[in-house]
Amino acid sequence: MHSSRKGSDVLVIGGGIIGLVTAWRAAARGLRTVLADPAPGGGAAQVAAGMLAPVTELHYGEEALLGLGLASAARYPQFAAELADASGGMDIGYRACGTLAVALDSDDRLHLRELHALQRRCGLESEWLTGRECRRLEPMLAPGVRGGLRVDGDHQVDPRRLAAALLAACERAGVAVHRASAQRLLTTTDRATGALLDDGTELQAGQVVLAAGSLSGRLAGVPPEVVAPVRPVKGQVLRLTVPAAYAPFLSRTVRAVVRGSHVYLVPRENGELVVGATSEELGWDTTVTAGGVYELLRDAHELVPGITELPLTETRAGLRPGSPDNAPLIGPTDLPGLHLATGHYRNGVLLTPLTGDVLAELLATGELPEIARPFTPAGSPPHIRSRTHDHLRQR
Ligand code: GLY
């Protein structure tokens, strides 16, 4: 069946958290907005742990990304309140719990000391603790913990609840949600005009936002020079449950680098304990492997031995939208009418509020806010050409 819809101001391709926040914020600005996704509210957010950790996840050479992350983290309390209002009262599990990054051996300690020095140079707040001080804060930590960094400003949100609330907010704001995949971008000689969906529907719009996560580089019809340079980076994540009798098991996010790999434990108020994550360059594979689960449990057990007592309730793998330099691609492309909101890599949940605000401003006024300019795909700025390869060192 072929049908055609005309007259939308904005078409958002992709209904993960980035596409949903863009559509909701655009509709709230009075733009007639359509969104296409076969399973809106799905995607990487269904797997992600939801750490809001710009300070703990700081890396050399990523100061511009730090600024973006801090700005988005600062918006979260207000964003959560607005979203609760717009979704009819849905709570996204924003928890101002803080983070403790710990070291298990002298190499880890050196690595954390360097991170601490970098954080201080960037004017960030974090405090060095001895192993004993770490265990005083979190008694379930292993006796072997040699020290750690307390970062009271790095919090968490529940990405599944975030996705559900954003979908509800979109529907309440009048976003027309099409449960089908965009198959091809529609263009005239000089601009993007809409998309053809795999159910035959043709959606026309004044502006198109491509926000399809790791799939953003695969949409047919996009001119080669503006194809989004994103790739899938697999992350396996476990969910355990802390029985009420064991609570509080952990009071904040606990993380470490164990044998060169990142492991984190994110405790939710409802008893869920999220343990993540692998980082694997395996294309579109989302298999949960025995090796992935084993390594996560082994490393998490070194940090918090008591986790072996907890029920393992879920194992899942998702695909992060990796970009060449780990930073997102936000803003107009060189094809008029086509904008990108993708490539958020490890920071999609963190950057959701800011991405929504930036894209809504761009869509409503034609102006990309200053904070997002270093990340615009238009003109292929140096940040896209340069490759730090930091992602290859991460797990
Ligand atoms: N931000 C955590 C991860 O991508 O694993």
Side-chain angles (χ1 to χ4, degrees), residues 16-18 43-59 62 65-66 68-70 72-73 76 92-95 97-101 115 151 153-160 162-163 213-214 230-240 252-268 272-282 285-286 288-289 292-293 295-297 299-300 303 314-328 342-355 388-395:
I17 51 176
I18 297 297
Q46 292 300 315
V47 181
M51 291 179 295
L52 310 175
V55 178
T56 339
E57 296 204 348
L58 176 64
H59 292 103
E62 294 188 357
L65 180 57
L66 168 69
L68 209 61
L70 290 173
S72 200
Y76 246 103
I92 61 171
Y94 176 72
R95 186 177 179 194
C97 59
T99 295
L100 183 63
L115 175 61
V151 180
D154 277 359
H155 302 316
Q156 63 155 299
V157 69
D158 184 335
R160 291 178 177 175
L162 172 63
S214 58
V230 291
R231 67 184 195 289
V233 182
K234 176 180 173 181
Q236 301 189 47
V237 175
L238 317 177
R239 281 174 163 80
L240 292 77
R252 73 202 69 224
T253 296
V254 169
R255 56 185 301 157
V257 179
V258 182
R259 286 176 287 272
S261 297
H262 289 257
V263 65
Y264 46 79
L265 293 86
V266 182
R268 305 243 193 270
E272 183 176 82
L273 180 66
V274 184
V275 177
T278 65
S279 189
E280 304 164 75
E281 303 272 355
L282 290 174
D285 173 61
T286 51
V288 174
T289 63
V293 174
E295 284 174 23
L296 287 171
L297 287 176
D299 295 351
L303 282 189
E314 192 183 319
T315 60
R316 198 148 164 189
L319 298 173
R320 305 175 183 89
S323 70
D325 62 352
N326 304 333
T342 188
H344 291 69
Y345 188 41
R346 301 176 73 90
N347 298 303
V349 178
L350 170 64
L351 296 177
T352 292
L354 186 119
T355 303
T388 64
H389 292 294
D390 266 3
H391 54 280
L392 298 177
R393 294 202 300 272
Q394 314 247 346
R395 181 190 23 210

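Indexing begins at 1, ligand by ligand and atom by atom, following the structure's order.
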Below 3.5 angstrom, do we get any N/O pair linking Y345 and ligand 1? no
For a quick check under 3.5 Å, do T289 and Q236 share a side-chain donor-acceptor pair by atom type? yes
Heavy-atom contact check, 4.0 Å cutoff: does E57 meet ligand 1? yes
Could you check whether Q156 and R268, counting side-chain N and O atoms only, form a donor-acceptor pair closer than 3.5 Å? yes
Electrostatic pair R231:E281 at N-O distance under 4.0 angstrom: yes
Heavy-atom closest contact (V233 atom, S279 atom, distance): CG1-OG, 3.4 Å
N347, any N or O under 3.5 Å of ligand 1 N or O: no
Under 4.0 Å to a heavy atom of M51 - the qualifying atoms of ligand 1, by number: 2 (C)
Below 4.0 angstrom from a heavy atom of Y264, which ligand 1 atoms are there? Numbered from 1 as shown, please. 2 (C), 3 (C), 5 (O)
Residues in salt bridge (charged side-chain N to carboxylate O under 4.0 Å, His left out) contact with R160, at least two apart in sequence or another chain: E314
Interfacing atoms of ligand 1 (cut-off 4.0 Å, heavy-atom, A277): 5 (O)
Over 60° means perpendicular and under 30° means parallel, so tell me whether Y94 and Y76 are parallel, tilted or perpendicular. parallel
The answer for which part of H262 has a heavy atom under 4.0 Å from ligand 1 is neither
